[in-house]
Amino acid sequence: MNVSIIGTGYVGLTTGVMLASLGHAVTCVDIDESKLELLRNGHSPIFEPHLESLLNHVLPQMRFTSSYAAAIPQADVVFIAVGTPSLPDGNSDLKYLRAAATSIGQHLGTDFTVVVNKSTVPIGSGNWVESLIRDAVEANGDRIGDRICVASNPEFLKEGTALEDSFYPDRIVIGADNSLGLEILTKLYTPILEQSFTPPEGLPRPKNLPSVALVKTDLTSAELIKYAANAFLSTKISFINEIAELAEKVGADVRFIAEGIGLDARIGRRFLQAGIGWGGSCFGKDTAAIISTAREYGIGMEIIQAAREVNFRQRARVIEKLMFELKILKGKTIGLLGLAFKPNTDDLRDAPALDIGRRLIERGARVRAHDPIAMNRFKFEHSDSGFHLTESPETLFEDADAVVLVTEWQQYRSLGWNDIVPRMKNPYILDGRNCLDRALLLEAGAKYEGIGF
Ligand code: UDX
């Protein structure tokens, strides 16, 4: 099929590369010429494991353009994967979505086209996108007839494992109020649904995955599924973080509790990792957006509201723990291990490290930080942060009063503790992700503290 994708961010680019490797002809559209130039030369503008190598592999099947005229008329399916950042009131900023929908309408071909909202968009956006396309077609003096179907196909990919999640998803959700549209999307995804494709190099098929579930729904249900999924996952993490706080007080260990409840198949083990809490581009934005939508209907969404409060309190608890240990923060040197909101990405959106570092600087502390991948992006996006970046994680410990592990990069788990802990002025290490080997740290002379035990 001819597939066009508007927006070459995490979602758009990963989806494009995945569909190209299934054999579809993919055209990616973006307004950023410098990004397009990188992509044409086989370079990924974002760090995501396997993305660049797979991009190079499928490059002959991909086109990159800023021209809707070159991308839309021949497309069987157009994915909209533009950014929908949060506005201060929690609503999503839909200016990119509006621009994409209008431009699609201006260049719509004569054959049936399925326009798919892949970005996380507020409930009702499918209908809105359809009306924008219709307006643009009519402004051209044309009639839309039954040439389009607007569908919702939410993505559930996680940064760091975006390609694994795209090739081997738990399920595919497609929602539309038009049976032909649903049929075309089912066909597009058949190789994934049946797992009939040859796995790309480095991305082996997980054992026991004979097929992938397909959930076909109406348009609005698919839109709400995305918000409900992210709200549930956010709540699950906040739930274990709230239990972690109690565990600390009563002298229990939250890691046992996560195991003890997670083995109940009704609860499940994943997303019960206590720590500094969630960040990133999705959970904060989507929980704010679902609350904002519900407010329009007079619904309070108290559970999701509480999940947000617990989450942001986790960041404050890091400061409280440091104040308890160091008493005075002014003039103290505190190292942050990890800047990205999670490992295996260079994404800094709503990264807890930014918030924690900012609060420390406000209190007069000196903040050092290291990240294996995200430092270049950090220098570019947060040049005024006041953080002092260190080239190696080891340098971060030199004369430090405390070190906080914020992002659980694999390489931080096996640092040479016997060498670096004695270099600290005060050997306090706060493991914000409960991922370090406590025994090794104690042996090296550290005062070790985790979250929830
Ligand atoms: C999330 C959803 O998982 C994905 O389905 C959706 O499409 C986009 O949003 P992502 O933000 O990339 O994906 O990362 P995810 O792995 O879900 O982690 C989000 C945050 O939660 C990270 O900051 C992570 O550190 C934190 N987290 C995750 C925990 O604190 N504890 C856990 O047990 C799991």
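First listed ligand is number 1; within each ligand, the first listed atom is number 1.
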Is there a polar contact, in the sense of an N or O pair closer than 3.5 Å, between [X] and ligand 1?
| X | result |
| --- | --- |
| F341 | yes |
| E408 | no |
| F283 | no |

*Do F453 and E248 touch side chain to side chain, with heavy atoms closer than 4.5 Å?*
no
_Using side-chain heavy atoms (C-beta onward) and a distance below 4.5 Å, is D347 in contact with Y10?_
yes
Looking only at protein heavy atoms, which one is nearest to [atom], and what is the separation?
| atom | value |
| --- | --- |
| atom 12 (O) of ligand 1 | E159 N, 2.7 Å |
| atom 33 (O) of ligand 1 | Q273 N, 2.8 Å |
| atom 18 (O) of ligand 1 | K342 CD, 4.0 Å |
| atom 25 (O) of ligand 1 | R433 NH1, 3.5 Å |
| atom 21 (O) of ligand 1 | W278 CB, 3.2 Å |
| atom 28 (C) of ligand 1 | I237 CD1, 3.5 Å |
| atom 5 (O) of ligand 1 | F156 O, 2.8 Å |
| atom 3 (O) of ligand 1 | K158 CG, 3.5 Å |

*Do F232 and F271 make the cut of ring centroids closer than 6.0 angstrom?*
no
Side chain, backbone, both or neither: which part of [X] has a heavy atom under 4.0 Å from ligand 1?
| X | answer |
| --- | --- |
| L157 | backbone |
| D165 | neither |
| K226 | side chain |

Whether [X] lies under 4.0 Å from ligand 1, heavy atom:
| X | result |
| --- | --- |
| G275 | no |
| R270 | no |
| K236 | no |

_Using a 4.0 Å cutoff against the non-hydrogen atoms of L272, which atoms of ligand 1 qualify?_
33 (O)
*Would you mind listing which atoms of ligand 1 come within a distance below 4.0 Å of any non-hydrogen atom of E155?*
7 (O)
*asked:* Between E408 and K342, does any side-chain N to carboxylate O distance fall below 4.0 Å?
replied: no
*With the threshold set at 4.0 Å, does a side-chain nitrogen-carboxylate oxygen contact exist between R315 and D350?*
yes
*For S292 and N91, does a side-chain donor sit closer than 3.5 Å to a side-chain acceptor?*
yes
*Hey, are K285 and T84 close enough side-chain-wise for a donor-acceptor pair under 3.5 Å?*
yes
_Test your reading of the model: is there a side-chain donor-acceptor pair from N153 to the backbone of V173, 3.5 Å cut-off?_
yes
_Please state which option from C282, A162, P154 has its nearest heavy atom closest to atom 9 (O) of ligand 1._
C282
*Is the number of heavy atoms from other residues, nucleotides or ligands within 6.0 Å of CZ (R366) greater than 12?*
no
_Whether R205 engages the ring of F197 as a cation-pi pair (distance to the six-membered ring centre under 6.0 angstrom, angle to the ring normal within 45°) should be assessed._
yes
*Decide salt bridge (charged side-chain N to carboxylate O under 4.0 Å, His left out) for E164 and K158; before the verdict, give the C-alpha distance in whole Å, the side-chain angles of both, and the deciding distance to 0.1 Å.*
CA-CA 9 Å; E164 282 92 336; K158 302 184 291 301; over 6 Å; no
*On the 0 to 90° scale, with breaks at 30° and 60°, tag the W409-F47 ring pair as parallel, tilted or perpendicular.*
tilted
